[in-house]
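To start, the structure under review is shown below, and the notes come after it.
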2 protein chains.
Amino acid sequence: MPEPNIYKEHSKFFIAVDCVIFGYENEELKLLLYPRRFEPYFHDWSLMGGFVQEGESMYMAARRVLKLTVGLENIYLEQVGGFSEPERDPGGRVISMAYYSLIRINEHDKDLVAEHGGKWFSISKVPTLVFDHAEMVENALKKLQHKATYELIGKDLLPDVFTLTQLNNLYNAIFQRSFDAGNFRKKIGSLKVLDRLATKQTNTSKRGAFYFRFKENIDHNQYDRIVKF
Amino acid sequence: MPEPNIYKEHSKFFIAVDCVIFGYENEELKLLLYPRRFEPYFHDWSLMGGFVQEGESMYMAARRVLKLTVGLENIYLEQVGGFSEPERDPGGRVISMAYYSLIRINEHDKDLVAEHGGKWFSISKVPTLVFDHAEMVENALKKLQHKATYELIGKDLLPDVFTLTQLNNLYNAIFQRSFDAGNFRKKIGSLKVLDRLATKQTNTSKRGAFYFRFKENIDHNQYDRIVKF
DNA sequence: GCAAAAGTGTTACCGGTACACCCATGT
DNA sequence: ACATGGGTGTACCGGTAACACTTTTGC
């Protein structure tokens, strides 16, 4: 028989999730932040978060927050790590799990974001953040870079169809360095995870650049590394 | 002024830590497990865990559990990930953070472990585990492998001094494959993170093998990768 | 024709891998 | 002398990086 409430002597805690929301626009990796509405740290920038509810996993809570924040469901979401220093939040004892998500910046609900004062910041110009949110962002970026190293990302950040130059720029933005265009193209080609379409992008160059699209059902285990550290 | 208890409307949860304790012995990577003492899952094997207390971070809780479990302090400890499915623990709603630690198996307190029925299992022969503990172990092993890929590990698992063959065997155990002895030695040498001592191990071969020791103050960022996936 | 972005080709080099080979020593 | 584990040398191969070069097309 189950032990009758063997746990009740222990302490309970508020559990929050904080979402590091990445987007890509104008050749920059961007981060969605919100202004804190009360002291302490009034006016400082903050990740969007929320409290875990009864009967809800942390992952579910993060999905709920994202739905309420950017109006999107079924977007990429991954756990970053737990933050539990007793004094991390002066407002009370709150243990938080950071998640990071990737969204197509042009597909999110801009009005919803504006309602709460949300603003996109370039990853290279992140302002001071409340509590330990800077560490959450830092760890999230490392996770994103790691992911981008071992598999070709872009599906969640770029439009459905995109040019290799756009993908190259995305990688430049994520790693804050410049990948050789020729070598990048060859590497991408060798992965065989993109389909080249018949259509071309014509607004950025006279010659035009072929559009590409991610294949369906990619086996991520077959990938070579893309970036060499 | 601080908002007066803006959080109180939210739910609170029990927070636990579960420790994936790795050790190395007889050319095998091992895992320390404990038998569960009550239903459900009576007699099944389980990670050693404990509840987070007031004023304590999850990391501190994990250190406390390790001190009580194997009698060791100041050992390697790293967060693996949070587990929060509502039904994960039939005994109650508990959110758990998994940690993994590396210990020198011959330095831990064997009597303390025996008291609680703890037993070491080869990583290749892990029994059925309670709840989501198998997933914790799996993720912990992946983290360990990743760590071992980007920096030379062994300091926390091997004795102070060791031979290159021992280190080679440790890597074989961690990755469950066999690294070429010649190539392994060359790679390790190129990292310049070990000092060769004047003394030799003489019990395993007639010729004897030089002992090595990790240098102090190693800058982990300078490392090459050790394992190519 | 020329500028500008797209896309290809060439070459040198480095590191991983496989494996043959030498070394030191206890029996 | 020979078996045994320790340790070194070598040759091949593939991927990376740097960069020169060609293609296409609007102006």
Side-chain angles (χ1 to χ4, degrees), chain A residues 26-27 145 148-152 154 158 161-173 175-213 222-229, chain B residues 26-27 145 148-152 154 158-159 161-173 175 177-213 222-229:
Chain A
N26 299 331
E27 308 189 359
Q145 289 177 337
T149 301
Y150 283 99
E151 61 185 89
L152 188 64
L158 295 171
V161 301
F162 49 85
T163 66
L164 291 184
T165 301
Q166 288 176 306
L167 188 60
N168 197 159
N169 287 335
L170 171 62
Y171 265 77
N172 293 346
F175 288 96
Q176 300 277 70
R177 70 186 194 85
S178 183
F179 292 91
D180 179 275
N183 296 333
F184 187 83
R185 309 175 85 82
K186 265 174 288 186
K187 184 70 192 177
I188 301 307
S190 74
L191 299 175
K192 300 193 193 314
V193 296
L194 300 183
D195 285 325
R196 196 176 79 168
L197 308 187
T199 53
K200 283 189 166 192
Q201 180 198 55
T202 50
N203 53 325
T204 60
S205 89
K206 339 252 176 177
R207 182 178 175 178
F210 281 107
Y211 280 120
F212 287 78
R213 180 162 50 196
Q222 83 189 16
Y223 284 4
D224 290 330
R225 332 178 65 218
I226 293 154
V227 176
K228 184 175 168 188
F229 281 130
Chain B
N26 299 332
E27 308 190 0
Q145 288 177 337
T149 302
Y150 283 99
E151 62 185 87
L152 188 64
L158 294 172
V161 301
F162 49 86
T163 66
L164 291 185
T165 300
Q166 288 176 307
L167 187 61
N168 196 159
N169 287 336
L170 171 62
Y171 265 76
N172 292 348
F175 288 96
R177 70 185 193 88
S178 182
F179 293 91
D180 179 276
N183 296 333
F184 188 82
R185 308 176 84 82
K186 265 175 287 185
K187 185 68 193 178
I188 300 309
S190 74
L191 299 175
K192 300 195 194 310
V193 295
L194 299 184
D195 285 324
R196 194 176 81 170
L197 308 187
T199 54
K200 283 189 166 191
Q201 180 198 55
T202 50
N203 53 325
T204 60
S205 87
K206 340 254 175 176
R207 181 178 177 178
F210 281 107
Y211 279 119
F212 287 78
R213 179 163 48 195
Q222 84 190 14
Y223 284 4
D224 289 330
R225 333 176 66 220
I226 294 154
V227 177
K228 184 174 167 189
F229 281 130

Are any of [X]'s side-chain N or O atoms less than 4.0 Å away from OP1 or OP2 of [N]?
{"X": "A/K206", "N": "C/dA3", "answer": "no"}
{"X": "A/K187", "N": "D/dT16", "answer": "yes"}
{"X": "B/S205", "N": "D/dG6", "answer": "no"}

Nearest whole angstrom, please: distance from the [atom2] of [N] to the [atom1] of [X].
{"X": "B/F210", "N": "D/dG7", "atom1": "CZ", "atom2": "C1'", "value": "10 Å"}
{"X": "A/R207", "N": "C/dT8", "atom1": "CZ", "atom2": "P", "value": "7 Å"}
{"X": "A/N203", "N": "D/dG26", "atom1": "CG", "atom2": "C1'", "value": "13 Å"}
{"X": "A/Y171", "N": "D/dT16", "atom1": "OH", "atom2": "C1'", "value": "16 Å"}
{"X": "A/D180", "N": "D/dC21", "atom1": "CG", "atom2": "P", "value": "15 Å"}
{"X": "A/N183", "N": "D/dC19", "atom1": "CG", "atom2": "C1'", "value": "9 Å"}
{"X": "A/N168", "N": "C/dG7", "atom1": "CG", "atom2": "P", "value": "11 Å"}
{"X": "A/N169", "N": "C/dA6", "atom1": "CG", "atom2": "C1'", "value": "13 Å"}

Subject >> Parallel, tilted or perpendicular: rings of A/Y171 and A/F179 (30°, 60°) >> reply: perpendicular
Original post:
Do B/K186 and C/dG15 share a donor-acceptor pair, side chain to base, under 3.5 Å?
Top reply: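 Absent.
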Original post:
Which part of the nucleic acid does A/T202 contact within heavy-atom distance under 4.0 Å: base, sugar-phosphate only, or nothing?
Top reply: nothing
Subject >> Euclidean distance, B/T163 OG1 relative to B/N169 CG, rounded to 0.5 Å >> reply: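 Nearest 0.5 Å value for the CG-OG1 distance: 7.5 Å.
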Original post:
So which one's nearest nucleotide on DNA chain D is more toward 5', B/T204 or B/G182?
Top reply: B/T204
Which heavy atom of [X] sits nearest a heavy atom of [Y], and at what distance?
{"X": "A/L197", "Y": "A/V161", "result": "CD1-CG1, 3.3 Å"}
{"X": "B/G208", "Y": "B/K200", "result": "O-NZ, 3.8 Å"}
{"X": "A/F212", "Y": "A/L164", "result": "CE1-CG, 3.5 Å"}

Subject >> Minimum-distance nucleotide (side-chain atoms of A/R185 versus C/dA6, D/dA18, C/dA24) >> reply: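 Shortest atom-to-atom distance from the side chain points to C/dA6.
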